[in-house]
Each structure stands twice: as structure tokens, then as C-alpha cells.
Amino acid sequence: MAQTNSSLPTDFIRDIIDQHLHTNRFEGRVATRFPPEPNGYLHIGHAKSVCLNFGIAAQYDGACNLRMDDTDPSGESLEYVESIINDVRWLGFNWEDRLFYASDYFEQLYQCAVQLLKNGNAYICSLSAEEIREYRGTLTEPGKESPYRNRSIEENLDLFERMRAGEFEDGAHVLRAKIDMASPNITMRDPVLYRIKRATHYRTGVQWCIYPMYDFAHCLSDSIERITHSICTLEFENNRPLYDWILDQLKVNAHPQQIEFARLNLSYTVLSKRRLIELVGKGSVTGWDDPRIPTIAGMRRRGYTPEAIRNFCERIGVAKNDSIIDMALLEHCVREDLNERAPRVLGVLRPLRLVIDNYPEGQVEECDSPYHPQNPELGSRKVPFSRTLYIEQEDFMENPPKKFFRLAPGREVRLRYGYFIKCVSVVKNPNTGEVVEVHCTYDPETRSGFAPDGRKVDATIHWVSADHSVPAEVRLYDRLFRVANPMGEDDDFTKYLNSKSLETLTTCRLESSLKGTAPGSRYQFERLGYFCVDLKDSTSQRPVFNRVVTLRDSWAKMTRQEKK
RNA sequence: UGGGGUGUCGUCAAGCGGUAAGACACAGGUCUUUGGAACCUGGAUUCGGAGGUUCGAAUCCUCCCACCCCAGCCA
């Protein structure tokens, strides 16, 4: 076994699989599946599961199926199926011809239920939903057996057939497993296996009016597909005895091993389908692909790469501890990836006019600028330089504090890939006193940023030529919530929403090379962060950029700490 | 007061009876035409707590404590 390769992840699940391989359970096969219910969009928590299941399959030379767990027609739709397929593929995984649907197994599942009935392992219960709840007992008290528990096999079979035929109202009867109403594990107290539900299924239409429950459908779907390791999240741990019970009663020949791991939690956001639906529904965000939410669609639009997400999923590990991963790790993973591959460009988010008094009016120079100083393979482009430029407002201070070493009156700085410039005067708005224009002189000897006399400068700032720059909109995103764990108390999590999670800047100016850049392209705006051309709103006339993540900013950190 | 889980650095997480990996975060420093990147350095005398077994325990035993999940005809 090639377990010497230290780059392969190890975790308790892989340990179990190794065990199985040694003992030859499953004849050396490894088969997994990713089984989403198509009733919502995938998020980063699903990505963890996707990476785990497909990753294990690849590592052990097995296969991972993509299966829609579509046994509850209410809420499921083709739109979600399509988004799931799209997202898993985008993440970089391939299920080849193994896209399955639990709904394709409905007939087989029905026959299994009939078998259970014939074996006396299940019965048709005619208690109402409320009665079933009452009969179930509580956490500390055993339940009571249903009065319908001992119907004859013939009656059960007849009733079940008529349930399927649509002879009864929704809720009139259910199919229940006959297990143990006194079980300390509530899941085993005669769980409901089938319910009557007159709803149009997005795939089977009105063909069925009874639908199998998760516990019944899932283990059998796994078995049908000959899955060996059925990996799911911790909350299904209580269901494992039922998973095994059903397969045992039916004497199926493929009995997968269910293994549970802790679902992902991320700080400063929410990761449950329910909360995400609430945010989208209430209009707290613009939709399932809002770049502020951790859906795969949102992250894609924000500019995250599949590589970064996969790497993140590997680094967080797999265990059974309830945990909350620090958002900083996710941010680190994108930075790490984008640092490698994103071309560097110059863009000014909050422009401040800068005039170079001694630079000839009308003259334009082309500054050769590499796309990636550390990686010449990315090539270079020419950035036009002229008398009137824009610089970042925050790169100039009239009265700079001690450690601020950007532009200030009398100070000399370097314009990246341009010249050294020195501030000689400022123009202020007479009413507000705000500096609206900075005047500088440049040193013609310092072209491309070096002084022949060897003198140094404390800062290099970015800039853009006023006449040549392209106007753009830039959207700055911040954490969705003000607190690390908005679910800390189970009160209304929406009250912790960060009202400043989106800042839209409409007067940005970008270097001319960015004109007409393709949606989805990612760049580093030097000194600012990584940005991605918006997939939806960007036009060739007016580019719209989303900030993926800022650069690490030790100046910002300093100023933040001084405030404290 | 039932059952099932989990407790190792701020956050994740290795460790599987032989004397606490690694990552992120944090703190210092080197370097730098991005206050970026890269590189170096620092940090748990201690593993939820208390006992016990052992030459030796995060790892084994006992008791206790904390947190999570389960009473949908959701998954």
C-alpha cells in the first residue's frame, strides 16, 4: 500500500477503510457517494463532503457516485439539481456516468417495503401524526405500541397497495418498521418508512403518492449502488442502527458501512441550508450567488478558485469534534492560490487627482510593467503615464502620523513602475478643507523607479493615468456577520448581520489594460487585494469587480491596534 | 433523571503506553520597486477535572464535569 506518501490526507475514516482493506471486507473495493437533496444550493460545508467522498474514491482507486437524494418532492426541483451538478463539476470532480437519483429506485424501494411487510417486519399504522408523536414517548419514557401494530400480513399488504393506488388521504396511513417502542434510541421506536404525500415530484410527476423516508431510501440506495462506505454527518449517528436494521431484515447482499464525521462550521457566517434560505428569502443578500454567502455559487462569483476551496477542505481535516473553522484559514487559502497565479495590475479605488507640475502637458509615456514580479512567465504590459494621474486617497496625508510613509507635503515616493515624485502643494476645497488635488514634481532621472544617485524612498504607491484609465465599479465585501458565531445563542441570528458587508465603489479608475477584460478573470490590484470580474453585472463598457480578499495589510493592522 | 457522540495551543488537528507533529492566527526579525510575497525565530512542562494501574499515561481503568445530537408522516 502506498501509504508512505505523506501528501495524502489521513483521518479516522481512511483508517477505517485501511482496516477494511486489511480484513478484506468489501473484497478490496471502495465506493462512496455524495448524496445531496436537491432542495437548495450547495455551500462550502457540502464542499467538505464532496472533497471527502470524491477524494477517498480517487485515493483508493474506487469510484464516487453523485446521487440526488430526492425522496421528498416538496422543495425539490430541477433548478437545484442543475445547480448541484454545476457546482460539483466546477469544484473539479467527475462522476462519469454515475449520476443517480433515489427517485429512480422508487419501484425497487416499494418492493423492499412489501418484503418487509411479508416478513412481518413492518406494518401499516393508521394513527394520526399527532398520535404517533404521543405514542413515541419521550427521551426518558418509553413509547407505547400502536394499536395497528399487529395487523395481519394480508391486511398490511392490501393497505399498502391501496396507499400506493391513491385510495387514501394524505396522512391517513403510514408504513412503519416494527422494531421496539421501548428502545432508548428514539429512532428505533417503529420509525415511519413511507408516507402518503400527494405532491408532484419534479422527476416522477404524479406517478407516486407515497414516498419513502430518508432512513428507508438512503440505506437501500447505498446498497443498490454497492456503496462500501456511506459517509455522512454526525447527526445521523443515531440513525445508524436503523440503517443496519433495514439492510439486515432485507438480507441484501451489499451492506455498506455508515461512517459519520463532523460537519463544517465557519466563523462569521452561517452554513445551514435553512439559514441560507432565510437570508436569501428575506433579501438580506441578493440571491444564492451573492458573493457574501458561502454557497459555492456565491464563492465562485466572489472569485474563489476551486483549487483554493479544495485545498481548504483538505487542510481543515476530518474528525468527529464539533468545530468552528476560522474564516482566516479560508482567506489564507485563496490568497495562497491567487498569489501564485493572479496577474498584478494597478487600480485606484478612491481616486485623488495628482498633477505633476513639471511634466510636459500632453506627453504620454508607456511604463513597462510585469504582470507578476516573481513569475516572468506571466509577461508584462505597458501602462500609460501622463501629467495628470489618480492615486489612492489614503496614500496621501497632509499631516501624516509617525509611521505613515506614503505621500505627504515635501515627501518623495515612488510611483510603481513610474517615477519618483515629490509633493509640492495641495489644492483644497475652500468650503470643506478637504484636499482635492495634490501637486508634485517628478524626477525625470528616476524613470521606471530607480534613482541613479542611489537615493531611496520609503514607499511605492499605485496610480493610474487620468485620461487613460477606465472607470469601473468595485464591490468590497466584508464578513457577513459582526460576530464569529452568529448561532451562539439560538435567538435571531440575523440581528448580527454586518451592515457594512458590502461597500460599492462607483468612481474607481483602473489601468487601461483592463478594458474589456473577461468576466471571471482574477487580478491582484497591487497593494489592495485580489479582484474578480463579476460574472453577472460586468459589461465591456463598464467593468464591475468583486474583491475576493484583501492582501495581508500590516499597516491596517497597526492602525487597528492603535485604535484599541 | 434515556440513548448516542465529543473534549489536545486563540482556531483546526496529529498522536493508538516510551516522554506533545503540522497548519491558520498571533508576536518578533530579515529582505523587498506591492507596509504584498518569501524567509527565519518564538511560543501547550502539558492533553476537560480528580483519582488509580505502570519504571513510564494525552494514550489503559474508575468516577466526575462540560458541550453537541435524537421525541418531522425533513434529510
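In what follows, chains are A, B, ... by sequence order, proteins preceding strands, each numbered from 1.
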What contact category does A/V413 fall into here, base, sugar-phosphate, or nothing, at under 4.0 angstrom with non-hydrogen atoms? nothing

A/D244 CG - B/G4 P separation (whole Å): 15 Å

Does A/R527 make a side-chain N or O approach to OP1 or OP2 of B/G35 shorter than 4.0 Å? yes

Just jot down the ring pair (Phe, Tyr, Trp, His ring centres under 6.0 Å) partners of A/F236, sequence neighbours excluded, or say none. A/Y214

Using a 4.0 Å heavy-atom cut-off, does A/E237 contact any base of the nucleic acid, only the sugar-phosphate backbone, or nothing at all? sugar-phosphate

Between A/K320 and B/G4, is there a side-chain N or O to OP1/OP2 distance below 4.0 Å? no

What contact category does A/Q524 fall into here, base, sugar-phosphate, or nothing, at under 4.0 angstrom with non-hydrogen atoms? base

Regarding B/G72, purine or pyrimidine glycosidic angle vs 90° from 0 gives syn

Calculate the interatomic distance between A/L329 atom CG and B/A25 atom C1'; express it in whole Å. 10 Å

Pairwise P distance, B/A27 and B/C65 [rounded to whole Å]: 40 Å

Between B/C47 and B/C60, how many Å separate the two P atoms, rounded to a whole number? 15 Å

As its Watson-Crick or G-U partner within any shown strand, both distances under 3.5 Å, B/C73 has none

Can you check the A/L264 CG to B/U11 P distance for me, whole Å? 16 Å

Students often get this wrong, so: under 4.0 angstrom with heavy atoms, is A/F450 touching a base, only sugar-phosphate, or nothing? base

Please give the distance between the P atoms of B/A14 and B/A23 as a whole number of Å. 15 Å

B/U62 - base-pair partner by Watson-Crick or wobble geometry, distances under 3.5 Å: B/A50

Inter-nucleotide C1' distance (B/U53, B/U62), Å rounded: 11 Å

Complement of B/C67, any strand, by Watson-Crick or G-U distances under 3.5 angstrom: B/G5

Between A/R552 and B/A37, does any side-chain N or O lie under 4.0 Å from OP1 or OP2? yes

Minimal non-hydrogen separation, A/R33 against A/S230, with atom names: NH1-OG, 3.1 Å

My understanding is that a pair needs two contacts under 3.5 Å, Watson-Crick or G-U wobble. By that rule, which nucleotide pairs with B/G10? B/C24

Quickly work out the A/I325 CD1 to B/C9 P distance and round it to whole Å. 14 Å

B/A71 versus B/G18 - spacing of their P atoms, nearest Å: 42 Å

Whole-Å P distance, B/G5 and B/A44: 34 Å

Has A/H462 got a side-chain N or O lying under 4.0 Å from the OP1 or OP2 atom of B/U34? no

Shortest non-hydrogen contact from A/P486 to A/T269? CG-O, 3.7 Å

For atom CD1 of A/I316 and atom P of B/A23, their distance in whole Å: 17 Å

Indicate whether OP1 or OP2 belonging to B/G3 is found under 4.0 Å from a side-chain N or O atom of A/S183. no

Do A/S513 and A/E511 have side-chain N/O donor and acceptor atoms under 3.5 Å apart? yes

Expressed as a whole number of angstroms, how long is the span from A/L266:CG to B/A25:C1'? 15 Å

RNA chain B nearest-nucleotide lookup for A/R240 and A/R315: closer to the 5′ end is A/R240

Quick one: are A/L551 and A/L528 in side-chain contact, heavy atoms under 4.5 Å? no

Side chain to side chain, A/W245 and A/I179, heavy atoms closer than 4.5 Å: yes

Say you pick atom C1' in B/A37 and the same atom in B/G56; how far apart are they, in whole Å? 47 Å

So if I take every side-chain heavy atom of A/W555 and compare against B/A25, B/G4, B/G35, which nucleotide ends up nearest? B/G35

Taking the P atom of each, how far is B/U34 from B/C9, in whole Å? 38 Å

Determine, using ring centers only, whether A/Y194 and A/F160 are less than 6.0 Å apart. yes

Closest heavy-atom contact between A/P36 and A/F34? CD-O, 3.1 Å

Is any side-chain heavy atom of A/C532 closer than 4.5 Å to one of A/F545? no

Is there a side-chain contact between A/N265 and A/I325 in this structure, where contact means two heavy atoms from C-beta onward sitting under 4.5 Å apart? no

Rounded to whole Å, how long is the line connecting atom CG of A/L234 with atom P of B/C69? 10 Å

Let me know the distance between CZ of A/F405 and C1' of B/U34, rounded to the nearest Å. 12 Å

In 5'-to-3' order, the base (B), backbone-only (S) or no-contact (-) status of each nucleotide in nucleotides 70-75 of chain B, using a 4.0 angstrom heavy-atom cut-off, is BBSBSB

Among B/U34, B/C12, B/G35, which is the nearest nucleotide to the side chain of A/I324? B/C12

